[in-house]
Q: 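Dropping a structure here in structure tokens format, bear with me for questions.
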Amino acid sequence: MKLPDKNSLKEKEHLFLYEHDLMELHNPNVNSFEYQRYKTRIDEIIKHILMYVEEGGKVAEIGCAQGNMSLILAENGRIAFALDLRHPFLTYMMLKYEKGKLFPLAENAENLPFKDNSLDGIIVAELLEHTIFPHLILRESNRVLKKG
């Protein structure tokens, strides 16, 4: 995944996400709290997805924001579906795209666009606490996640 050229970013949302990427993922100060907190969390999530979802497996990152986990999963041979309600967040993610099977989807987490039992993994990180009905997202995630 590449960091876009800041001078090429025109949308307010793109600049917002770029600043987060600089602070959290591309921070030159690897000892900063923001970098350490983000990197530790994202590495742990990715480690578990790679452990439990085989290469070619399908994973949805629901509420993906700048899509860092989806980008990493696509680069590591998984089929990644990056879902967010905000279309500019998805267009920013695609500016960082380099390789792999990555599909941006502007969708609502309460009505996922997948068939029953069709995904090998789901990431719902930093989303449920921002929703009114988190149980609907969990129920929908359970519906599309393969059993077992």
Side-chain angles (χ1 to χ4, degrees), residues 1-114 118-134 136-138 140-142 144-146:
M1 138 186 23
K2 62 186 175 189
L3 185 65
D5 176 15
K6 183 177 183 179
N7 296 324
S8 71
L9 304 176
K10 305 298 180 216
E11 292 191 48
K12 176 178 65 170
E13 293 91 343
H14 290 185
L15 290 167
F16 170 77
L17 294 171
Y18 178 86
E19 293 302 323
H20 275 273
D21 274 344
L22 276 183
M23 181 175 53
E24 298 170 337
L25 191 61
H26 298 280
N27 192 331
N29 179 6
V30 296
N31 294 316
S32 75
F33 173 75
E34 292 84 3
Y35 175 84
Q36 288 293 323
R37 179 178 56 100
Y38 185 79
K39 190 78 167 104
T40 300
R41 186 176 58 80
I42 197 171
D43 285 351
E44 194 66 23
I45 292 168
I46 294 296
K47 178 180 85 174
H48 281 88
I49 292 290
L50 296 178
M51 185 184 323
Y52 293 107
V53 177
E54 295 179 8
E55 191 166 336
K58 297 175 183 177
V59 180
E61 181 185 4
I62 302 171
C64 69
Q66 64 262 53
N68 291 329
M69 287 188 271
S70 292
L71 288 160
I72 293 168
L73 290 169
E75 291 172 357
N76 280 279
R78 295 348 179 245
I79 301 168
F81 298 94
L83 284 78
D84 205 289
L85 283 174
R86 296 156 295 190
H87 190 263
F89 284 27
L90 299 171
T91 57
Y92 175 79
M93 175 190 67
M94 293 310 292
L95 294 173
K96 302 186 321 177
Y97 173 79
E98 291 186 291
K99 67 177 185 172
K101 294 182 180 177
L102 176 66
F103 302 94
L105 301 167
E107 298 287 346
N108 185 324
E110 294 176 5
N111 188 21
L112 296 172
F114 304 107
S118 61
L119 297 179
D120 301 294
I122 296 177
I123 300 169
V124 183
E126 298 183 18
L127 174 68
L128 295 178
E129 67 271 23
H130 301 288
T131 62
I132 296 171
F133 303 110
L136 297 177
I137 296 169
L138 294 173
E140 191 64 359
S141 296
N142 186 56
V144 301
L145 193 60
K146 288 180 182 175

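Since the structure is predicted, the reported quantities are computational estimates derived from the model, not experimental observations.
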Q: On a heavy-atom basis, which atom in Leu90 and which in Ala106 lie closest, and how many Å separate them?
A: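 It is CD1-N, 3.4 Å.
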
Q: Heavy-atom count around Lys2 NZ within 6.0 Å, excluding the residue itself: above 12?
A: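 Atom NZ in Lys2 is crowded, with more than 12 foreign heavy atoms closer than 6.0 Å.
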
Q: Could you list all the ring-ring contact (aromatic ring centres under 6.0 Å, His included) pairs where at least one residue sits in residues 25-66, not counting sequence neighbours?
A: none

Q: For Lys146, which residues count as a side-chain contact (heavy atoms from CB on, under 4.5 Å) partner, sequence neighbours excluded?
A: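 If we apply the side-chain contact (heavy atoms from CB on, under 4.5 Å) test to Lys146, skipping adjacent residues, the hits are Asp120.
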
Q: Test of understanding: with salt bridge (Lys or Arg N to Asp or Glu O under 4.0 Å), list the residues that count as partners of Glu107, not counting sequence neighbours.
A: none

Q: Does anything in residues 55-112 pair up under ring-ring contact (aromatic ring centres under 6.0 Å, His included), and if so which pairs, sequence neighbours excluded?
A: His14-Tyr92, Phe81-Phe103, Phe81-Phe114

Q: With rounding to the nearest 0.5 angstrom, report the CG to NZ distance, Leu17 to Lys12.
A: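 If we round to the nearest 0.5 Å, Leu17:CG and Lys12:NZ are 12.0 Å apart.
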
Q: Can you find a heavy atom in the side chain of Leu9 that is under 4.5 Å from one in the side chain of Leu95?
A: yes

Q: List for me each residue that meets salt bridge (Lys or Arg N to Asp or Glu O under 4.0 Å) alongside Arg86, sequence neighbours excluded, and say none if there are none.
A: Asp84

Q: Could you list the residues that satisfy side-chain contact (heavy atoms from CB on, under 4.5 Å) with Asn111, not counting sequence neighbours?
A: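 Counting only residues at least two positions away or on another chain, Asn111 forms a side-chain contact (heavy atoms from CB on, under 4.5 Å) with Glu140.
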
Q: Does Glu24 use its side chain to pair, donor to acceptor, with the backbone of Glu34 at less than 3.5 Å?
A: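 Not at all, since once roles are kept as given, no pair shorter than 3.5 Å links the two residues.
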
Q: Run the side-chain contact (heavy atoms from CB on, under 4.5 Å) test against Glu129 and tell me which residues pass, sequence neighbours left out.
A: Glu126

Q: Could you state the interatomic distance from CG (Asp21) to CG (Leu3), rounded to the nearest 0.5 Å?
A: 6.0 Å

Q: To the nearest 0.5 Å, tell me how far Leu112 CG sits from Ile62 CD1.
A: 4.5 Å

Q: Can you list everything that forms a salt bridge (Lys or Arg N to Asp or Glu O under 4.0 Å) with Lys47? Sequence neighbours excluded, please.
A: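 Here the qualifying residues are Glu44.
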
Q: Give the minimum heavy-atom separation between Ala80 and Leu73, together with the two atoms involved.
A: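 Taking Ala80 first and Leu73 second, the nearest heavy atoms are CB-CB, 4.4 Å.
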
Q: For a 4.5 angstrom cut-off between non-hydrogen side-chain atoms, does Leu102 reach Met93?
A: yes

Q: Identify the heavy atoms of Gly56 and Ile79 that sit nearest to each other, and give their distance.
A: O-CD1, 3.3 Å

Q: With sequence neighbours excluded, tell me which residues meet side-chain contact (heavy atoms from CB on, under 4.5 Å) with Thr131.
A: Leu127, Pro134, Ile137

Q: In the structure I gave you, are the side-chain heavy atoms of Ile123 and Cys64 within less than 4.5 Å of one another anywhere?
A: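 No; the side chains remain at least 4.5 Å from each other.
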
Q: Please collect all salt bridge (Lys or Arg N to Asp or Glu O under 4.0 Å) contacts where either partner lies in residues 71-82, sequence neighbours excluded, each pair once.
A: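 For residues 71-82, and leaving out neighbouring residues, there are no salt bridge (Lys or Arg N to Asp or Glu O under 4.0 Å) pairs at all.
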
Q: According to the side chain to side chain donor-acceptor pair (under 3.5 Å) rule, which pairs have a member within residues 54-65, sequence neighbours left out?
A: Glu61-Ser70

Q: How would you list, by chain and number, every residue that makes a salt bridge (Lys or Arg N to Asp or Glu O under 4.0 Å) with Lys39, sequence neighbours excluded?
A: Asp43

Q: Report yes if the side chains of Gln66 and Leu25 come closer than 4.5 Å at any heavy-atom pair, otherwise no.
A: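 Contact flag for Gln66/Leu25 side chains = no.
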
Q: Heavy atoms only: give me the nearest Ser141-Ile122 pair and the separation to one decimal.
A: O-CD1, 3.2 Å

